[in-house]
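Reminder, nothing fancy here: chain letters follow the sequence lines and each chain counts from 1. Predicted model, so just to flag it, every value in this text is computed and none were measured.
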There are 2 protein chains.
Amino acid sequence: MALVGASGDASKNTARPMRFLRKHGYAGHIVPINASRSEVLGERAWRSLAEAPAGIDHAFIMTPGESVERALEECGACGVTVATIFSDGFADAGAEGAVRQARLIARAKTLGVRVLGPNSMGLVDVPGRLALTVNAVFEIDALPAGTTSFVSQSGTMLGTVLSRGAARGLGFAKLISVGNEADLGIAELVELLVEDPGTRVILLFLETIRDGAHLAAAARKAHAAGKPVVAYKLGRSQLGAALARSHTGALAGEDAALDAYFRDCGIVRVDMLETLIEIAPLLAGRTPPNLPRAARVAVVTTTGGGAASVVDRLGMFGIETVAPNSKSPIVDLTMTATAEQYTAALDDLLASPRCDGVLAVVGSSAQFHPQLAVEPIVRSKKNAKPLAVFLTPHAERSLALLAGRGIAAFRTPEACADALAAYFAWRSPRQTPQQAPVALPRAVPDIFASLGITVAQSQLAHAPDFTHTVPYPVAAKIHAPEVAHKTETGGVILGIRDRGEFEREVRRLGHAQVLVQKMESGLAEAIVGYRDDPLVGPVVLVGAGGILAEVYRDYALRIAPVSVEEAEEMIAEVKALAVIRGFRGLPRGDVRALAQTVAALSRLALVPGRPVAEAECNPVIVKPSGAVAVDGLVVMKE
Amino acid sequence: MALVGASGDASKNTARPMRFLRKHGYAGHIVPINASRSEVLGERAWRSLAEAPAGIDHAFIMTPGESVERALEECGACGVTVATIFSDGFADAGAEGAVRQARLIARAKTLGVRVLGPNSMGLVDVPGRLALTVNAVFEIDALPAGTTSFVSQSGTMLGTVLSRGAARGLGFAKLISVGNEADLGIAELVELLVEDPGTRVILLFLETIRDGAHLAAAARKAHAAGKPVVAYKLGRSQLGAALARSHTGALAGEDAALDAYFRDCGIVRVDMLETLIEIAPLLAGRTPPNLPRAARVAVVTTTGGGAASVVDRLGMFGIETVAPNSKSPIVDLTMTATAEQYTAALDDLLASPRCDGVLAVVGSSAQFHPQLAVEPIVRSKKNAKPLAVFLTPHAERSLALLAGRGIAAFRTPEACADALAAYFAWRSPRQTPQQAPVALPRAVPDIFASLGITVAQSQLAHAPDFTHTVPYPVAAKIHAPEVAHKTETGGVILGIRDRGEFEREVRRLGHAQVLVQKMESGLAEAIVGYRDDPLVGPVVLVGAGGILAEVYRDYALRIAPVSVEEAEEMIAEVKALAVIRGFRGLPRGDVRALAQTVAALSRLALVPGRPVAEAECNPVIVKPSGAVAVDGLVVMKE
């Protein structure tokens with residue numbers, strides 16, 4: 001292990017890796033490289049990799065500026081096949097840095113050197129006693145070993161996750177800061193961890209997704225290997241900003257697309273940072289529950305208020321609290337219950353077919369009587385059903401005791417509920433059968449019909465006489481592609497009843513050609529949209545018509561393409577479309593026909609080269625029988 | 001201090017109070033009372049209060065069943081003026097228990113004994129070294145003293161809040177478990193804490209509200225004394241269940257009414273349990289910001305990922321992140337910034353007029369270099385503007401260091417964002433001028449008009465000829481009060497154009513009398529509702545018309561009565577009513593007229609005796625000029 005740029009000043013960041021490697025008992029050779037010293041912190045150092053002894057496996061490069069390139073060249077020359085680069089100033093520093101990074105990685109490929117970073121805080125192999133990092137948290141006395149591995153786009157989070165885990169007895173296998181992901185990225189690291197026998201659960205801290213298709217494939221491999229993958233992803237609130245724009249592309253919002261993406265490839269998404277740290281024991285060794293209905297949780301507690309703080313939250317996620325054997329949804333054992341009674345109650349619930357998971361809440365005794373408070377839980381029978389524990393007081397020893405037995409324990413009611421909700425929402429990766437490529441017609445107006453979407457009968461009518469054969473009543477629209485929202489600009493005349501009215505209106509529009517379209521009416525309006533998302537690829541959405549999808553974010557979104565059955569599931573998620581699902585005895589609309597429209601539009605994802613950036617049928621009129629697209633928009637990629 | 005039922009068995013709950021009082025250095029006399037022992041845990045005990053020495057101030061009653069009543073009688077006889085009752089089996093145990101409780105309290109009043117409980121876990125005065133409680137957490141070695149007091153409806157939470165606070169250096173003045181609140185309730189205790197010179201901030205853990213008017217008055221006193229009151233209230237998710245019903249009463253949902261109530265009386269409401277513990281330093285000594293617009297927070301950090309985890313969350317609350325002096329919304333100082341640079345950056349932000357608060361985020365160095373990481377923050381200048389700190393690693397010493405300086409520090413990004421959002425949403429208690437009582441007409445149909453609400457012209461028409469003088473077009477409705485949702489049962493015919501059509505439709509309805517009403521059309525429909533909420537009293541709401549208010553929970557709610565100006569603020573909060581506020585160039589509706597309708601209906605709160613349980617105008621048609629109630633419902637109390 002070479003430390004390129006290892007500082008002789010113990011107070012510097014770049015002095016830390018050597019200290020941490022020694023402190024945590026790295027068994028291999030450590031080779032400090034320092035251009036201006038022959039000794040670093042009391043150990044023999046070398047001026048360059050070229051002068052250093054042979055047989056180096058891995059170089060950790062911490063030198064600034066141009067010297068990174070020099071160090072990489074030396075790696076190539078000396079047969080060092082992996083370089084982790086801490087130095088920044090690459091893609092993290094704007095366009096010029098990005099060019100420098102591209103050059104660096106191209107050269108690394110030529111040299112046969114794999115690169116982690118640049119801008120990586122390093123990597124840690126806890127069982128291997130390798131703490132190759134500048135992260136200050138690794139001053140910690142003992143690294144907690146476990147079977148959870150962590151890959152992070154934020155270097156700080158290595159220390160955050162390790163230290164918080166350590167405080168409650170949760171250990172780790174590998175922790176990796178990927179930095180700019182110029183070569184080795186999240187996806188490839190997930191694949192490596194799938195093959196790592198020391199890793200049972202893989203945690204991800206994500207600021208963005210740089211290779212969605214590769215990560216999706218890696219997540220599927222993890223699922224096949226029985227290793228749950230969990231993601232905490234920043235950027236939820238960007239949805240708000242994106243929604244300020246009005247077309248489908250913005251409507252689909254990055255975050256909703258990411259939700260669909262994670263679900264699609266079987267990744268568990270958590271909402272809170274601490275859930276990421278605490279959820280591993282809840283998932284380890286388990287497979288996605290793939291629940292077809294709202295989840296049901298049974299609760300056993302010694303504190304009503306403590307249990308309610310979790311149950312209240314579960315309710316907000318739509319998770320039901322059920323009582324297998326009593327009238328109250330909570331089995332309250334009070335402070336006087338014996339350990340045997342507690343264990344028996346837990347075992348009953350874990351075995352009951354009436355719940356999908358069990359929540360155990362422990363009150364004040366958890367802090368100073370950990371053995372007493374936690375023993376009944378530890379003694380409960382392991383079950384395929386998940387068991388989550390919330391301890392109301394500050395109780396690190398009890399948390400550690402539970403963690404030591406592989407039982408999921410949570411420090412806050414919110415993270416506890418978040419973890420259960422994430423577990424219950426967990427789906428196996430979607431099976432997408434190979435589908436034949438779809439051919440796209442040359443003319444944009446024909447695209448919808450060619451996909452199999454029913455579009456309203458229409459015809460272009462030209463001055464001076466504007467003859468057409470569309471039956472009345474009709475709508476007349478200005479035919480000018482640059483007018484994006486015609487209803488706002490007065491460019492659409494609806495409900496024209498006869499030829500006389502038509503001629504008056506067309507004259508008033510004052511355009512040389514108008515699109516004449518048969519008026520359609522039905523039970524509800526919907527919006528159906530497609531977008532090739534920059535992070536996760538093609539997505540399809542269905543939402544309420546009019547301003548509802550936008551104002552209330554009332555839509556369902558999936559990775560495209562979707563089947564008609566999947567589209568029906570999507571429609572069931574749209575609140576406003578309750579009006580066609582038999583809400584309050586209203587007449588039912590043709591949900592199947594709308595689903596066919598959604599599935600048809602989603603097939604744009606199968607066009608070779610994916611030339612369509614976004615497409616939208618808005619509105620689609622849903623009738624008692626059939627669904628008709630009345631207006632549409634297609635934006636090709638540039 | 002008498003401990004009635006103090007156990008001689010150290011492992012029992014009832015042995016704890018004596019141990020805790022001794023352990024934490026209670027300076028007064030402790031008088032154990034045990035019917036069967038003359039010695040308890042090595043101390044002299046008495047068989048009854050009557051036999052015990054005179055001069056007892058306070059009795060803590062832990063005996064079961066009927067003996068509680070006996071102990072209370074003895075309190076009265078011996079001049080003990082306060083009894084805290086731990087024993088349960090009263091209102092907590094159903095109807096019979098409630099009767100027993102009422103009897104007990106009536107007797108206590110006669111005897112001149114004030115009661116805390118029954119079912120109270122006790123109370124703690126930290127500076128006074130009084131730990132009078134059975135809560136197991138008080139085994140803790142030292143009670144952390146501070147100026148935050150806590151009143152809880154859950155006894156467990158005494159230990160939860162104390163232990164979690166202690167772990168991060170947050171101290172407390174008084175902690176009180178109110179149990180069943182049979183005599184001394186939350187409100188009266190808040191009033192006592194307002195007068196307590198040792199208390200600066202008052203925290204509440206609420207499962208319900210038993211005396212809303214009294215608590216509102218107490219909160220106003222706290223505001224006047226400059227003591228912030230913070231509430232964590234269970235029951236958020238019950239809104240979902242309540243919304244399943246369809247009339248205004250349910251729509252107003254308990255939780256939305258509570259939000260309005262807390263806002264109205266100047267109580268800060270937090271969403272997460274840990275926020276309740278951590279928020280005190282953010283509020284102590286501050287007054288409500290009463291922000292008229294979205295809040296702006298500036299951020300200084302040593303970790304991009306750590307800062308983003310809070311900023312992302314702030315964005316979800318609609319809080320903007322602003323950069324006073326740079327292009328990025330975050331001032332990222334990286335790991336190499338000096339302490340002086342950090343302090344200077346913080347002081348700049350705290351002084352900047354462009355932000356309303358400052359967030360400081362500290363990364364991995366916070367764990368093992370607390371002095372180094374936190375010192376720059378400690379040195380920043382105290383400012384009227386709030387400063388919130390989030391530490392990414394497990395870093396209890398840094399948290400304690402900040403707490404010791406009165407700086408608000410948070411363990412999780414979510415609680416940090418929750419606290420800032422709660423602070424920015426904080427309003428001074430609403431000033432409600434004395435208003436004259438409102439007289440209600442005898443006949444329910446006249447109620448709306450008598451309040452000053454414009455109602456659609458209507459007239460009852462009777463068989464056989466159904467004559468009326470309402471101008472066409474009209475609507476005809478079956479006139480039968482038992483039909484709650486007429487549109488669902490086909491009992492309303494809309495858009496009748498002339499007499500001929502009217503006669504046909506009326507025959508088809510087959511009723512002896514129909515209500516004929518002028519058809520109204522406008523730019524939008526709204527729902528205006530009033531409800532006398534069982535917890536918080538009269539509330540008024542305005543929402544989108546049709547199914548929108550219900551399906552999307554799209555409504556604004558306030559404590560009634562409201563002024564026209566307040567009603568206009570409410571209308572601005574309803575998303576769907578954007579269509580009458582000039583959304584996308586659509587014609588504006590008469591917002592003022594709708595606001596007058598809301599204010600008028602809210603005046604039902606001023607009717608002496610408040611005989612109306614709920615009332616609803618639905619829909620109210622909003623026109624370019626004017627607003628007309630087309631249908632209404634009034635439910636009187638039983």
Self-check item: Under 4.5 Å from any heavy atom of chain A - which part of B:Ala544
Solution: side chain
Exercise. For the residue pair B:Glu139 and A:His369, establish whether any side-chain heavy-atom pair is separated by less than 4.5 Å.
Key: yes
Quiz item: Do you know which of B:Arg411, B:Lys12, B:Gln367, B:Met157 has the most heavy-atom pairs with chain A at a distance under 4.5 angstrom?
Solution: B:Arg411
Quiz item: chain A heavy atoms under 4.5 Å from B:Ala415: which part of the residue, side chain, backbone, both or neither?
Solution: neither
Quiz prompt | Selection from A:Val579, A:Asp554, A:Asn135, A:Thr412 maximising heavy-atom pairs under 4.5 Å formed with chain B | solution = A:Asp554
Quiz item: Looking at B:Thr392, B:Val161, B:Leu162, which makes the most heavy-atom pairs under 4.5 Å with chain A?
Solution: B:Thr392
Quiz item: Considering only heavy atoms, which portion of B:Ser154 lies under 4.5 Å from any heavy atom of chain A: side chain, backbone, both, or neither?
Solution: side chain
Practice problem: Measure distances from B:Glu396 to the heavy atoms of chain A and classify the residue's part below 4.5 Å as side chain, backbone, both or neither. | Solution: side chain
Quiz item: Does the side chain of A:Glu274 come within less than 4.5 Å of B:Glu414's, by heavy atoms?
Solution: no
Self-check item: Portion of B:Met272 that has a non-hydrogen atom of chain A nearer than 4.5 angstrom
Solution: both
Practice problem: Find the one option among B:Gly363, B:Gly159, B:Ala167 whose heavy-atom pairs under 4.5 Å with chain A are most numerous. | Solution: B:Ala167
Exercise. Measure B:Phe317 against the heavy atoms of chain A and call it side chain, backbone, both or neither at under 4.5 Å.
Key: neither
Quiz prompt | Residue selection (most heavy-atom pairs with chain B, distance under 4.5 Å) from A:Ala578, A:Ala576, A:Gly306 | solution = A:Ala576
Self-check item: chain A interface, residue from B:Ser365, B:Ser364, B:Ala136 that has the most non-hydrogen pairs under 4.5 Å
Solution: B:Ser364
Self-check item: Considering all heavy atoms, the nearest B:Leu273-A:Phe390 contact
Solution: CD2-CZ, 4.5 Å
Self-check item: Atom CG of B:Asp9 with >12 non-hydrogen neighbours under 6.0 angstrom
Solution: yes
Quiz prompt | NZ/NE/NH1/NH2 to OD/OE distance under 4.0 Å, A:Lys233 and B:Asp312 | solution = no
Quiz item: Considering only heavy atoms, which portion of B:Leu586 lies under 4.5 Å from any heavy atom of chain A: side chain, backbone, both, or neither?
Solution: neither
Quiz item: Most heavy-atom pairs under 4.5 angstrom with chain A, which of B:Ala366, B:Gly318, B:Ser309?
Solution: B:Ser309
Practice problem: Please determine, among B:Gln153, B:Arg168, B:Arg164, B:Lys575, the option with the most heavy-atom pairs under 4.5 Å with chain A. | Solution: B:Arg164
Exercise. Over all heavy atoms of both residues, which pair between A:Leu234 and B:Gly305 is shortest? Give the atoms and the distance, please.
Key: CD1-O, 4.1 Å
Quiz item: So, B:Ser163 side chain and A:His394 main chain: donor-acceptor pair closer than 3.5 Å or not?
Solution: yes
